[in-house]
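To start, the structure itself, in structure tokens.
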Amino acid sequence: AQKVTQAQTEISVVEKEDVTLDCVYETRDTTYYLFWYKQPPSGELVFLIRRNSFDEQNEISGRYSWNFQKSTSSFNFTITASQVVDSAVYFCALSFNSNSGYALNFGKGTSLLVTP
Amino acid sequence: DGGITQSPKYLFRKEGQNVTLSCEQNLNHDAMYWYRQDPGQGLRLIYYSQIVNDFQKGDIAEGYSVSREKKESFPLTVTSAQKNPTAFYLCASSPYGTGLNTEAFFGQGTRLTVV
């Protein structure tokens with residue numbers, strides 16, 4: 001079965017602190033993709049990153065970085081020097097393939113609040 | 001501009017009434033999806049469709065129905081059989097041909113309140 005677990009329900013940090021959002025997944029597939037999305041208060045989900053199961057290189061994009069470790073089935077997301085605009089709900093997702101096509105399984109999300 | 005349009009943004013209905021949520025995309029994507037979001041529950045998949053005239057049940061399809069008569073449209077009907085319909089509904093699309101590695105693009109959502 002496909003499952004994504006985001007154990008942190010809410011995180012509150014002060015601006016400029018670093019923060020890591022955890023994501024642990026379960027899958028029997030050998031080929032899969034992991035994603036992170038951001039949901040600001042407006043409600044629309046914004047795609048942040050995609051990582052395939054064969055690529056364990058960490059990725060950095062500005063203040064954002066992602067650490068994918070297959071050995072622990074984790075795909076953690078770190079925001080460095082957080083800003084108030086980073087306040088949002090962040091979702092980790094895992095793609096799955098059924099006989100009828102592809103879709104994403106999402107975790108329950110982590111609500112991040114960054115205060116000045 | 002290309003994107004996904006969900007309408008209306010807020011919807012109120014009386015208990016026992018069916019209601020249809022609209023989702024239109026002009027991205028020429030083959031695949032479309034409906035997710036439901038409840039506080040503390042994340043996004044749960046209701047229905048998805050990879051091609052016109054074909055769709056599949058997701059994890060929580062009971063009480064919902066969909067149609068896919070046109071590539072750009074994927075309306076969701078919340079029927080009176082759905083026991084707890086009040087939620088935030090998100091529609092998404094993706095280009096089917098690229099499969100597993102394709103991110104989904106989301107609309108702005110419809111917040112349905114049943115009173």
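First the proteins, then the strands, lettered A, B, ... as listed; each starts at 1.
Nearest approach of B:Gly42 to A:Phe91, heavy atoms of both residues: CA-CE2, 3.7 Å.
Within 6.0 Å of CZ on A:Phe54 lie more than 12 heavy atoms contributed by other residues, nucleotides or ligands.
There is no path of hydrophobic side-chain contacts, each under 4.5 Å, that joins B:Met32 to B:Phe105. Under the 4.5 Å side-chain heavy-atom criterion for Ile, Leu, Val, Met, Phe, Trp and Tyr, A:Phe75 and A:Ile79 are members of the same hydrophobic cluster. Taken together through direct or relayed side-chain contacts under 4.5 Å among Ile, Leu, Val, Met, Phe, Trp and Tyr, A:Val24 and A:Phe68 form parts of separate hydrophobic clusters. Note on A:Val89 and A:Phe106: same hydrophobic cluster, where clusters join Ile, Leu, Val, Met, Phe, Trp and Tyr whose side-chain heavy atoms are under 4.5 Å apart, directly or indirectly. The hydrophobic clustering, which links ILVMFWY residues whose side-chain heavy atoms are closer than 4.5 Å, places B:Val52 and B:Leu76 apart.
With a 4.5 Å cut-off on side-chain heavy atoms, B:Leu43 and A:Leu104 do not count as touching.
Looking only at heavy-atom pairs under 4.5 Å with chain A, the residue among B:Phe55, B:Tyr35, B:Phe88 that has the most is B:Tyr35.
In this structure, no portion of A:Thr9 lies under 4.5 Å from any heavy atom of chain B. For a residue to count as touching a neighbouring chain, one of its non-hydrogen atoms must lie under 4.5 Å from one of that chain's; by this rule B:Gln6 does not touch chain A. Looking at A:Glu10, there are no atoms closer than 4.5 Å to chain B (heavy atoms on both sides), in backbone or side chain. In this structure, the portion of B:Asp59 lying under 4.5 Å from any heavy atom of chain A is its side chain and not its backbone.
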